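What follows is one structure encoded as structure tokens, with my remarks underneath.
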Amino acid sequence: MDEAVTQHWRPTIKGRILVAAFGFGLWALAIETRLVWLQVYRHHELAAWGDNQRQRVAEVAPRRGDIVDRHGRTLALSVDADSIYAVPGHVASPEDTARAVCEALVDCGDEERELFLRRLRQKRAFVYLRRQVGPGEAKRVTDLDLPGIGLLAESCRFYPNRELAAHVLGYVGTDNTGLAGIEQTYDSRIRGREGTILVETDAHQRAFSRVERPPTAGATLELTIDAQLQHIAERELREAVKAERAEGGTIVMMDPHTGEILALANDPTFNPNSFRRSQPDVWRNRGVQEIYEPGSTFKIVTASAAIEERAYTTDEVIDVSAGTIRIGSRLVEDVHRYGPLSFTDVLVKSSNVGAIKIGDRVGSRRLGQYVLRFGFGRRACGDLPGETPGMLSDPARWSAGTLASISMGYEIGVTPVQMVAAVSAVANQGELPQPRVVRAVRTALRRTEITPVTPRRVITADTASQLLGIMEQVVERGTATQAAVPGYTVAGKTGTASKIVNGVYSDTDYHASFVGFVPSRQPALAVLVVIDSPHRSKDRIFGGVVAAPIFSRVATQALRYLRIPPTLNPSPPVLVASTTSGGASDTLGTIEAVAAPIEAGDLDVRTGPPTIPNLRGLGAREAVLRLARLGLVARLSGDGIVVHQDPEPGTPVEQRSSCRLWLVRAPLSAGSQER
């Protein structure tokens, strides 16, 4: 019986073993399938997930490149500043830590303390509490010796000259990104490459390893700005705005040949080191973002079109004796009543009636062409962000009223930089330069020049010459006598334009302006002064009495700083002699003294008294220039190159008042004999 029972159970036990084996096989297959799924198909996803749980990466801002002026003076640089960070897993009590850190900081209120607390409760390996704190705050936090709280040195932007050129430079946010000015436009070049901090943590979010990859510094920007000229412009503008009780103002100083902006000053201004403490409207760069109606300074464009298109000659008489002119329902008046005026005197006296008559003869189509040629209606400078193209309607749709208004500088919105560039075309013999504020980008390896845009011809040199003469008379005997600079010839034009307030032209708020260049015959500086809403008195609203004196003060100091010699009453004049065809006598003529600095070879104070240089082989112009720098009169016979001179090279200068030069068109042959 026992044997029978045993035989009965044997198949049952065997079946159970088979079932168990089958179940184990299925379990093994499931495990293997799961492993293949996790380790093969989801390997990269899970590995990244694991790294994300184990590692935390924080970016470290790079050191921004410096910004320097045209002479290498530092305008902006990066310095180290401490930022407060936390490793939340190491913080013992988030509430107590947040409160202690907040008490150690300046201007830390309940709102920021709550922010600290929220960050300390995050399940992260690294968080910032406050970026770029002061040295005193950093020391107080260090003295607390709080678990999980530390300091990290970061690069911080610093402007050593505070407000100087603030609107040109702009400012930088705490994330090392340029937010305005050059800092914004060239951010990608001067920002550099970011570094990283890698923090590894265990399962309890406790940090056990930290690896840093240092950031790469950015490039240095070299500007066209001259820090000293910028200081002069800002100081004079600030004093003028205060004295005239004005809302603000702008001064732009530019090289009229190259378009390099030497100074761009705005008032009111701000300190870019603490820009958040200023009102946002103060951040606006009036030089490229402020649109204003230029008034009579725009008559230069109207006159250019008239002369270039031969609509008028400069001595043609225009009848403005009525003192008024009706355009549709509008009655336009001159400030003063005149009799008939020549074309020249219309600009010298700044007659609105005369300007309207000039514009009417030129016509909308032709005047519109010149307005566009002079760069109005489009952005003038690509270096500064937020620049406006101004306001200009389509010339094809100008009405008679619009033509009249634009002829005298109304119904058109311009920026200060556009206006100074347009006048620079007159100073530059008819070629319009493109304004710019960046000269070069410097790295550790090389200096790369920013290639300037070639000046574009807008009027002929002859037209520019005629306008120059008219603009000189504006300063000599017209509306801008207070713009005169002692010792120098000045060319310029005043402007006074009523502002639009609440949709109508105001009778109390004006833009008073003056634009000109100096020395007028050898221009070194083009300067625009705009004063917004002078309120000192009812009579002090005109460009000639408000803006022109500011130009004079700025130009006087700038010319002295640049060491540009006077051009009025030079001593002695440069005389040029030419031999008549018969060779019997010399005809003397006087040319304008050339204002040029003494060059090497002309005068060497280390070797004693100056001597007459060797001029043989030089052209007439170069020889005359060299003698003029030594104060000698040049007497020329013939033309070409110098082949003989009297006195001989090496003769002391003080023993002579003139030097005789003989010139020929071709070099002497072997058989020739010097005279």
Side-chain angles (χ1 to χ4, degrees), residues 224 226 229 232-233 236 250-265 287 294 296-301 303-304 347-348 374-375 380 414 416-435 455 457-459 461 463-476 478-495 513-530 543-544 547-562 564-568 592 594-596:
T224 63
D226 187 309
L229 295 178
I232 291 171
E236 293 299 329
T250 300
I251 294 179
V252 183
M253 193 182 306
M254 192 170 79
D255 184 326
H257 305 296
T258 65
E260 293 185 344
I261 296 178
L262 305 175
L264 196 165
S296 295
T297 55
F298 198 78
K299 292 173 183 175
I300 296 171
V301 178
S304 297
L347 270 73
V348 171
F374 273 92
V414 307
V417 167
Q418 285 177 334
M419 197 67 231
V420 76
V423 172
S424 292
V426 179
N428 198 31
Q429 298 183 346
E431 294 187 340
L432 178 73
Q434 177 170 320
R457 181 162 296 282
V458 294
I459 53 176
T463 297
S465 177
Q466 294 183 62
L467 283 169
L468 186 153
I470 295 173
M471 293 170 67
E472 285 180 333
Q473 293 184 57
V474 172
V475 178
E476 292 171 4
T479 59
T481 55
Q482 295 189 54
V485 178
Y488 299 87
T489 54
V490 178
K493 185 71 186 76
T494 57
S513 63
F514 176 86
V515 63
F517 47 90
V518 62
S520 60
R521 300 287 167 150
Q522 298 146 8
L525 297 170
V527 183
L528 170 72
V529 179
V530 181
I550 304 171
F551 170 91
S552 177
R553 293 194 294 271
V554 169
T556 298
Q557 297 173 65
L559 293 170
R560 185 184 303 122
Y561 164 72
L562 295 173
I564 297 175
T567 57
L568 287 175
E592 197 170 4
V594 179

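The figures here come from the full heavy-atom set of this structure, side chains too, leaving out hydrogens, waters and symmetry mates. Since this is a predicted model, take the numbers as computed values, not measurements.
Residues Met419 and Ser513 have side chains not in contact (no heavy-atom distance under 4.5 Å, counting atoms from C-beta outward). Side-chain atoms of Ser552 and Val490, non-hydrogen and from C-beta on, never get closer than 4.5 Å to each other. Side-chain contact between Ile459 and Phe374 is present, with heavy atoms from C-beta onward closer than 4.5 Å. Proximity of Val423 to Ile300: side-chain heavy atoms (C-beta onward) are separated by under 4.5 Å at one or more points. Counting heavy atoms from C-beta on, the side chains of Val474 and Thr479 come closer than 4.5 Å.
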Side chains of residues 464-472: which donor-acceptor partners sit under 3.5 Å, not counting sequence neighbours?
unit_1: Gln466; atom_1: NE2; unit_2: Asp462; atom_2: OD2; d: 3.0
unit_1: Glu472; atom_1: OE1; unit_2: Arg521; atom_2: NH2; d: 2.7
unit_1: Glu472; atom_1: OE2; unit_2: Ser520; atom_2: OG; d: 2.5
unit_1: Glu472; atom_1: OE2; unit_2: Arg521; atom_2: NE; d: 2.9

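For residues 417-429, there are no salt bridge (Lys or Arg N to Asp or Glu O under 4.0 Å) pairs, not counting sequence neighbours. The salt bridge (Lys or Arg N to Asp or Glu O under 4.0 Å) pairs that include a residue from residues 416-432 are Glu431-Arg457, where partners are two or more places apart or lie in different chains.
Applying the side-chain contact (heavy atoms from CB on, under 4.5 Å) test to Pro256 and every residue at least two apart in sequence or in another chain returns Ser424, Ala427, Pro523, Ala526. With sequence neighbours excluded, the residues forming a salt bridge (Lys or Arg N to Asp or Glu O under 4.0 Å) with Glu260 are Arg70, Arg436, Arg439, listed by chain and number. Here Arg560 pairs with nothing under the salt bridge (Lys or Arg N to Asp or Glu O under 4.0 Å) rule; sequence neighbours left out. Taking the side-chain hydrogen bond (donor to acceptor under 3.5 Å, both in side chains) definition, one finds that Thr463 meets it with Glu308, Thr460, sequence neighbours left out. Residues passing the ring-ring contact (aromatic ring centres under 6.0 Å, His included) test with Phe298, sequence neighbours excluded: Phe376. Every residue two or more places apart in sequence or in another chain was checked for a side-chain hydrogen bond (donor to acceptor under 3.5 Å, both in side chains) with Thr297, and none qualifies. By the side-chain contact (heavy atoms from CB on, under 4.5 Å) test, Ala380 pairs with Glu387, Val417, Gln418, Pro435, sequence neighbours left out. Remark: Gln473 engages Arg477 in a side-chain hydrogen bond (donor to acceptor under 3.5 Å, both in side chains) (not counting sequence neighbours). In terms of the side-chain hydrogen bond (donor to acceptor under 3.5 Å, both in side chains) criterion, residue partners of Asp226 (sequence neighbours excluded) are, by chain and number, His71, Arg73, Tyr561.
For the atom pair Thr224 OG1 and Met254 CE, the distance stands at 10.0 Å (nearest 0.5 Å). Atom OG1 of residue Thr481 and atom CD of residue Glu476 lie 11.0 Å apart, to the nearest 0.5 angstrom. For the atom pair CG of Leu568 and OH of Tyr488, the computed distance is 9.5 Å after rounding to the nearest 0.5 Å. Between atom CG of residue Leu229 and atom CG of residue Leu525 there is a gap of 7.0 Å, rounded to the nearest 0.5 Å. Taken from CZ in Phe517 to CG in Asn428, the straight-line distance is 10.0 Å, to the nearest 0.5 Å. Rounding to the nearest 0.5 angstrom, the gap separating the CD1 atom in Ile251 from the CG atom in Leu264 is 10.0 Å.
Looking at every heavy atom in both residues, Leu347 comes nearest to Ala303 through CD2-CB, 3.6 Å. Between Leu528 and Pro416 the shortest heavy-atom distance is CD2-O, 3.2 Å. Of all the heavy atoms in Leu432 and Gly375, the pair that sits closest is CD2-N, 4.1 Å.
Between the side chain of Thr567 and the backbone N or O of Thr489, at least one donor-acceptor pair lies under 3.5 Å.
Within 6.0 Å of atom CD in Gln429, 12 or fewer heavy atoms from other residues, nucleotides or ligands are found, so the atom counts as exposed in its surroundings.
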Run Val475 and Phe514 through side chain to side chain contact (heavy atoms under 4.5 Å, CB included) and show every step you take.
CA-CA 11 Å; Val475 178; Phe514 176 86; 4.3 Å; yes
